[in-house]
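Following: one structure in structure tokens, then a few remarks.
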Amino acid sequence: EDQVTQSPEALRLQEGESSSLNCSYTVSGLRGLFWYRQDPGKGPEFLFTLYSAGEEKEKERLKATLTKKESFLHITAPKPEDSATYLCAVQILTGGGNKLTFGTGTQLKVEL
Amino acid sequence: GAGVSQSPSNKVTEKGKDVELRCDPISGHTALYWYRQSLGQGLEFLIYFQGNSAPDKSGLPSDRFSAERTGGSVSTLTIQRTQQEDSAVYLCASSLARVDTDTQYFGPGTRLTVL
């Protein structure tokens, strides 16, 4: 069974304190790994898609990386506006259609 | 351009009543998905529509749940005889369903509360 596990469940950082969120996955064949950001009361907002081990993508203070078993979302010098829940999801190659299987998310709080 | 829209944004109903939730996908997106997000749980896949193909209903939790997509665009998720455990945020997403990349874009969700 496809599984996605995110850690930590919650993370509190001071402004400017860099850190990483983890997403480990067990799937039969990975088609893509997706990162989303979700603010309270809103739908998930797309951040990145990664397809193969070694791939990296960056957007402002965020950088996502992928290995064969896990993905990291690195946050450099975070600001309070980066506070949100970050969701990781996988899409598998065959038998899963195009559905996404999500982890339970990491709730990030960045304080001044 | 316009994103995915959902209505209503909030719905409060009594146990045993039927509810309908609506989703308007991004124009031109051929694939449409419904997910459910319960408190403390991850997003759970419910159903997937792609063009004129038969929908993938493998995630529907019971036969009280059904969905249709008319004219390849708007979709309605119907929950019959609602139960308290149906309380959740129901999210709709759409995508271009390309073979190489299939980014799903989500709407704001409908928060359903069953009393």
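Everything numeric in this text was worked out from a predicted model, so none of it was measured. Proteins get letters first, then strands, A, B, ... in listed order; numbering begins at 1 in each.
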Query raised in the report: Contact part of A:Gln38 toward chain B, heavy-atom cut-off under 4.5 Å: side chain, backbone, both or neither?
Result: side chain

Report summary line: Honestly, the part of A:Leu87 sitting under 4.5 Å from a heavy atom of chain B is side chain

Using a cut-off of 6.0 Å, state whether more than 12 heavy atoms not belonging to [X] lie near its atom [atom1].
X: B:Glu44; atom1: CD; value: yes
X: A:Glu17; atom1: CD; value: yes
X: B:Lys57; atom1: NZ; value: no
X: B:Leu115; atom1: CG; value: yes
X: B:Glu14; atom1: CD; value: no
X: A:Arg61; atom1: CZ; value: yes

Query raised in the report: Under a single-linkage definition using a 4.5 Å side-chain heavy-atom cutoff for Ile, Leu, Val, Met, Phe, Trp and Tyr, are B:Tyr105 and B:Phe49 assigned to the same hydrophobic cluster?
Result: no

Query raised in the report: If you take all heavy atoms of A:Pro44 and B:Leu43, which pair is closest and at what distance?
Result: CG-CD2, 4.2 Å

Query raised in the report: Can you name the nearest heavy-atom pair linking A:Gly43 to B:Leu91, along with the distance?
Result: CA-CD2, 3.9 Å

Query raised in the report: Looking at B:Gln41, B:Gln6, B:Gln37, which has the largest count of heavy-atom pairs under 4.5 Å with chain A?
Result: B:Gln37

Query raised in the report: What is the distance from atom CG of A:Leu100 to atom CD of B:Gln104, rounded to the nearest 0.5 Å?
Result: 4.0 Å

Requested in this report: Output the distance between atom CZ (A:Phe102) and atom OH (B:Tyr35), rounded to the nearest 0.5 Å.
Outcome: 5.5 Å

Query raised in the report: Where do B:Asp102 and A:Gln91 land on the side-chain contact (heavy atoms from CB on, under 4.5 Å) test, with the steps shown first?
Result: CA-CA 9 Å; B:Asp102 185 37; A:Gln91 198 172 58; 3.3 Å; yes

Requested in this report: Would you check if A:Phe34 and B:Thr103 make a side-chain contact, meaning some heavy-atom pair closer than 4.5 Å?
Outcome: yes

